[in-house]
2 protein chains.
Amino acid sequence: MAVEAPSQSNAPDTPDGQTPQSRIQQRNRRRILDASLEVFSTHGYRGATLDRIARAAGLSKPNLLYYFEGKEAIHRALLTDLLETWIAPLRDLDPEGEPCAELLGYVRRKLEMSRQYPRESRLFAGEILQGAPRMERFLREVLRPLVDDRAAVIRRWADQGRIAPVDPHHLIFSIWALTQHYADFEAQIRMIRGDGVDPLEGAEAHLEQHFRRLLAP
Amino acid sequence: MAVEAPSQSNAPDTPDGQTPQSRIQQRNRRRILDASLEVFSTHGYRGATLDRIARAAGLSKPNLLYYFEGKEAIHRALLTDLLETWIAPLRDLDPEGEPCAELLGYVRRKLEMSRQYPRESRLFAGEILQGAPRMERFLREVLRPLVDDRAAVIRRWADQGRIAPVDPHHLIFSIWALTQHYADFEAQIRMIRGDGVDPLEGAEAHLEQHFRRLLAP
DNA sequence: GTCTATACTCTGATAGAC
DNA sequence: GTCTATCAGAGTATAGAC
């Protein structure tokens, strides 16, 4: 739960900025994180075992624990890396831009993240699904203020008649739901549309038309 | 994987229609399934332990295993019960009805399920998230044909100009995404809007307006 | 830095008394 | 039908050689 003070840490799993690392250390750290992402996102926290992660990373189990203090530390590092980039698209929503273009751009960026980072999306979704016990602070203290701020921008746009009147928070939730669905529920989409079809086929055109109709003043 | 032949089963965990059960047996079975739903949906398959389920059900662990053959059997029973009702709203989409009203009714029923059965929704979502290993047959052999059939109906409506032109499959996915989001990502919504607010507050009005604009010919 | 061997805990499941 | 006691296996983590 509690975050350890960064002052005492010279352990290799907390390179908080300046900890020097050899090339091989960096490479192994990356391999571990990549393997962990694969395993955690498809099996959940408890379903992921160090054995599987080690095998996926091509390392021995004790060697894994040389780089990270333990399973939880790996997961924490994964989440920390993820959250940084996860909210970037919303940050990029420009209050000074043209409203419809900004929102459509946001949709496009979010959908692109589902295409590029489906494992990250599923890792995030799995955490939320379980009540977000390891992300509560982030959600309350980072995401919430950001959402409230952008919601205020959207509300202003609606009040000015530059987009259709809409509940800003629900609009943001809708964008999340519609775009992340293609990553999080990919297995279902695949089984329904057939394995030969790209799950994201036609999604961008659909969502663009979708939000264009929705937002037109 | 394989479903056991129903002929040989007189075990108490397979009351396939006619197995007689005392009132206490039925009550305990229900308690176990209810407790399991709670535990499986919030911790995932691997994160759920028989200990926790037993405690939640108010029974001892061995007693649990008197009613069900094992952890997997409990989970299977849970899914079987769930899937029956999960697709009912789509089944109820009437090809002979008024298109816009039918689709809005479908949205309303799905949203109502998120309100009434959030744990079931999360159980389902968790399975999909992990690649749907225990639902593949259902998705391919039951849900897919149903979706294809209803998609054909929607396509006809669009071709006749009774609703706006829209990709039927993506429309269905959109309805799933938007409605299930309120159950599956409830923790996130709660932390963003504050604990005092009902996560579903305003959702129905938002979605009704949303789809009305979207579908208007 | 990396490995083998191993300690220790948790968890699913069974035995057998009542 | 329900319980106490317990086993077998899996899983996290550590010791210590190299």
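Just so it is clear: chains get the letters A, B, ... in the order the sequence lines come, proteins before strands, and each one is counted from 1. Remember, it's a predicted structure, so these values are computed and weren't measured experimentally.
In this structure, Ile24(B) places its CD1 atom 5 Å from P of dT2(D), rounding to the nearest Å. Atoms CZ (Arg55(A)) and C1' (dT12(D)) sit 16 Å apart, rounded to a whole Å. Atom CZ of Phe40(A) and atom C1' of dT12(D) are 12 Å apart (whole Å). As rounded to whole Å, 9 Å separates atom P of dC3(C) from atom CG of Asn28(A). Between Tyr67(B) atom OH and dT2(D) atom C1' the separation is 9 Å, expressed in whole Å. As a whole-Å value, the separation of Leu59(B) CG from dG12(C) P is 16 Å. With rounding to whole Å, Leu65(A) atom CG is found 14 Å from dG1(C) atom C1'. Between the CG atom of Asn63(B) and the C1' atom of dT14(C) there is a distance of 14 Å, given to the nearest Å.
Between Ser22(A) and dG1(C) there is a side-chain N or O to OP1 or OP2 distance below 4.0 Å. Ser60(B) has a side-chain polar atom (N or O) that falls below the 4.0 Å cut-off from OP1 or OP2 of dC3(D).
Contact check of residues 42-50 of chain A against DNA chain D (heavy atom, cut-off under 4.0 Å) returns Ala48(A), Thr49(A), Leu50(A).
Here the side chain of Lys61(B) is nearest to one of dG12(C), dC3(D), dG1(C), namely dG12(C). Distances from the side chain of Pro62(B) to the nucleotides dG1(D), dG1(C), dC3(D) place dC3(D) closest.
Contact annotation: side chain of Lys71(A) to base of dG11(D), donor-acceptor pair absent below 3.5 Å.
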Discussion item. Could you go through Gln188(B) and His181(B), starting from their C-alpha distance and side-chain angles, then the distance that decides it, and tell me whether this counts as side chain to side chain donor-acceptor pair (under 3.5 Å)?
Written reply: CA-CA 10 Å; Gln188(B) 178 175 239; His181(B) 184 85; 4.5 Å; no
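Every residue two or more places apart in sequence or in another chain was checked for a salt bridge (charged side-chain N to carboxylate O under 4.0 Å, His left out) with Arg150(B), and none qualifies. For the salt bridge (charged side-chain N to carboxylate O under 4.0 Å, His left out) test, residues two or more places apart in sequence or in another chain that qualify with Arg140(A) are Glu136(A), Asp195(B).
Side-chain contact between Leu90(B) and Tyr106(B) is present, with heavy atoms from C-beta onward closer than 4.5 Å.
Taking every heavy atom of both residues into account, Pro118(A) and Glu186(A) meet most closely at CB-OE1, 4.2 Å.
Note: Tyr182(A) and Phe173(B) have perpendicular aromatic rings, judged against thresholds of 30 and 60 degrees for the angle between ring planes. Between His170(B) and His206(A), the two ring planes are parallel [angle under 30°; tilted spans 30° to 60°].
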